[in-house]
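The block underneath contains the structure these notes are about, expressed in structure tokens.
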Number of protein chains: 2
Amino acid sequence: MPGRKAAERPGNTGRPVTINDVAQLAGVSVGTVSKALNGRGSLRAETRHRVLSAAEQLGFQPNRAAVALNSGRTYTVGMITTDTIGRFSIPLMMGAEDALGAGEMSVFLCDARDDPIREQYYLRTLLSRRVDGIIVTGRRTQARPPIGTGLPIPVVYAFISSTDPRDCSVVPDEAGGAHKAVDHLLAVGRRRIAHITGPEHHHSATVRATAATDRLAEAGLRLAGAPLFGEWSEAWGRQAAQLLLGANAEVDAVFCGSDQIARGVADALRAAGRRVPDDVALVGFDNWDVMALGCQPPLTSVDMELEKLGRTAADLLLAAINGEASPGRHTHPCRLVIRDSTAASSTPAPALDSAPGGS
Amino acid sequence: MPGRKAAERPGNTGRPVTINDVAQLAGVSVGTVSKALNGRGSLRAETRHRVLSAAEQLGFQPNRAAVALNSGRTYTVGMITTDTIGRFSIPLMMGAEDALGAGEMSVFLCDARDDPIREQYYLRTLLSRRVDGIIVTGRRTQARPPIGTGLPIPVVYAFISSTDPRDCSVVPDEAGGAHKAVDHLLAVGRRRIAHITGPEHHHSATVRATAATDRLAEAGLRLAGAPLFGEWSEAWGRQAAQLLLGANAEVDAVFCGSDQIARGVADALRAAGRRVPDDVALVGFDNWDVMALGCQPPLTSVDMELEKLGRTAADLLLAAINGEASPGRHTHPCRLVIRDSTAASSTPAPALDSAPGGS
DNA sequence: GAAAGTCAGGAAACCGTTTTCCGAACACGC
DNA sequence: GCGTGTTCGGAAAACGGTTTCCTGACTTTC
């Protein structure tokens, strides 16, 4: 048996094959193997081929730890979700992971679960692992304090944003999304539009409510009643819809802060004998397929395109790793997905003064 | 300036601090620093303290790549989701990540997106990164071919299972879950139980349907009509409920293969004037909160406890990494979560012969 | 035919950490 | 005052790659 004195751990069937094994089989030195595999130096075609087939035969995979050690690059990034991984994080993560994978980067998954201690633990771990960069995501779009200061590697905030304007953040243009929702309702002839949304202390709720109000004001209109702040739940949607029906039966559209709320509203309206979209048009937010498609009728909704957003974040991170940082807050447009809940009524609304700038 | 000839990459503000920096500051050798930080060897308390405070002062974090290189352990594992990361993968991943994090292991996230090419790419990547183990998950519980053979590291299949019985798989006891659902319906006095579920070619659908049928047979009963196979959607639930109402109005309970289907059934029943649970009791599967709680009334459902399952998978993987492999198929019990959709009717069903073994 | 130049591939340093081995200093007993 | 043991800490090898430098063989040129 050749003199292999590597610390063989008994549980392992055959320790991983190293560049040394390849060199031995090909009858060359390790330096030559490295050159052959990486296309460096000058080697005879025959030698190169001999090395390549030896590597192939042994199923050689270079030990990335060793590569990392002398290149200083690990080709890994960390992805920290500040809160529990959920519906919003997933498309983000998938988009980012996909974009990073294309750049041969692997992703460390870190679920901080809304716990600052866990978050800092993960940050230390990632720094210790010498990741090339970090993506920070979270369920809420509200700005949060930077995860660390003076970090030796670039950080990109996705969906969530950093309170430090010098940090790189990628956020959905929620106000723009609300604008699109309102514009669409106006375009299909609705004029008495109510807004039902989540808790007032929730950043997204206020941003969307404000944007909707503002857009209506630009069109010379007002929201039908004050925005109804509550919870991000179907139950609240149902409850709020009943409030609306009790107070003001003349509403012809409801723009909701989430698809869940919209769905509750749809159910309550139907139970009260109002038809969607004929009597009341409905727009949700999030374009969450199970909610938007399960709704009766299927729901028009604002899509924040989180997967694209994740991809953008990853691209910005890759650029920053390569020395081309793009600090600042980058907004990412939302897209309105139109479905039956805002289909043009069979009985068209009376033509009012046309909304200015509406195209 | 002291002779630092490290390859300084210009983009980086201050290269990460190494054990050498600590040694220099503390006025000792690197070996001593290592001993001080890891509690090895015999050092004077004063020396140890001097090293620790130097490390503290510099914010030293050992380079894990270097540690990996000479320990052979990377303290990382790969998590491959064979299909797109989704509703089922998330709790699994969270559970696994949590259990692994407690063991100081970091997790590489790999989303294979139902693409065997991607899957093999990720497998190679993970092997190249010398992960200590791999967890394979997927959306379907059906057995799949092993991700690789003769791998040098342990693999645990979670939720999904491997066709090779020597592989370690952790799967939910779906049949047991169906049994619990049926037992509960029997216990609240229902006798004419129908079953609506997903596509017949879907493993989970047939397993649950068969288990429900068998359990009823044990109680001397039969399913009300053949199982209705369709899709995993609310629309199918609504449609199937109408079929049921048209064909057989005497059903007093429906056990559904998923919460989405159950929700569709609930909506259709309500639209047809049937009360849930008074006229028809309803049980779902998955205990997906948004569906089960959004449903009117809230849905009794079978919970596969995926987070626990993920944790179990991680624990089995950690054990296997430590040389204590537990090959074979491990089943994980389901839990029935009882809500209003199966509340005891206000008008109790006539007491039939009591179901045997019902407690 | 000798000097110069080119080409192929080997030897060794290096990355950052751990661990083994060894030597120096010191205390102790005789 | 000299061997012996103990304690502390340094030197160096090892992990698995990459890269630089160098040498030897061959080719070219005058």
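A, B, ... follow the sequence lines: proteins, then strands. Residue 1 opens every chain. These values consider heavy atoms only, across backbone and side chains, with no hydrogens, waters or symmetry-generated copies.
Here the closest non-hydrogen pair linking B/Ile153 and B/Val131 is CG2-O, 3.4 Å.
In this structure, B/Leu58 atom CG and C/dG16 atom P are separated by 14 Å, rounded to whole Å. Look at CG on A/Asn63: it is 10 Å from P on D/dT18, rounded to the nearest Å. Between the CG atom of A/Asn70 and the C1' atom of C/dC14 there is a distance of 7 Å, rounded to whole Å. With rounding to whole Å, A/Ile19 atom CD1 is found 12 Å from D/dT19 atom C1'. For the pair B/Arg64 CZ and C/dG16 C1', the interatomic distance rounds to 13 Å; values are reported in whole Å. Note: CZ (A/Arg73) to P (D/dT18) measures 15 Å, nearest angstrom. Between A/Leu69 atom CG and C/dC14 atom P there is a gap of 14 Å when expressed in whole angstrom units. Between A/Tyr75 atom OH and D/dT18 atom P the separation is 11 Å, expressed in whole Å.
Comparing the axis of the opening five pairs of the helix from C/dG1-D/dC30 to C/dC30-D/dG1 with that of the closing five pairs yields an angle of 60°, rounded to 10°.
Panel note: side chain B/Thr312, backbone B/Lys308; a donor-acceptor pair is recorded below 3.5 Å. Side-chain atoms of B/Arg130 do not come within 3.5 Å of backbone N or O of B/Gly72 as any donor-acceptor pair. In terms of modelled atom types and a separation under 3.5 Å, the side chain of B/Asn322 and the main chain of B/Leu318 share a donor-acceptor contact.
Nucleic acid contact class of B/Ser29 (heavy atoms, under 4.0 Å, all strands): base. The residue B/Arg48 sits apart from the nucleic acid: no heavy atom pair falls under 4.0 Å. The residue B/Val33 sits apart from the nucleic acid: no heavy atom pair falls under 4.0 Å.
The cationic atom of A/Arg73 (NZ for Lys, CZ for Arg) lies less than 6.0 Å from the six-membered ring centre of A/Tyr75 and within 45° of the ring axis.
Here B/Thr32 does not reach the OP1 or OP2 of D/dG9: none of its side-chain N or O atoms lies under 4.0 Å away.
For residues 35-47 of chain B, proximity to DNA chain D is found at B/Lys35, B/Ser42, B/Leu43, B/Arg44, B/Thr47, defined as any non-hydrogen atom under 4.0 angstrom from a strand atom.
Every residue two or more places apart in sequence or in another chain that forms a side-chain hydrogen bond (donor to acceptor under 3.5 Å, both in side chains) with A/Ser106 is listed here: B/Arg129.
The pair B/Arg329-B/Asp167 does not meet the salt-bridge criterion, since no charged nitrogen lies less than 4.0 angstrom from a carboxylate oxygen. Electrostatic pairing of B/Glu307 and A/Arg113 counts as a salt bridge here, judged by a charged N lying under 4.0 Å from a carboxylate O. Ion pairing between B/Arg140 and B/Asp83 fails under the 4.0 Å rule for side-chain N and carboxylate O.
Nearest to the side-chain atoms of B/Val28 among the listed nucleotides C/dC15, D/dG17, D/dG10 stands D/dG10.
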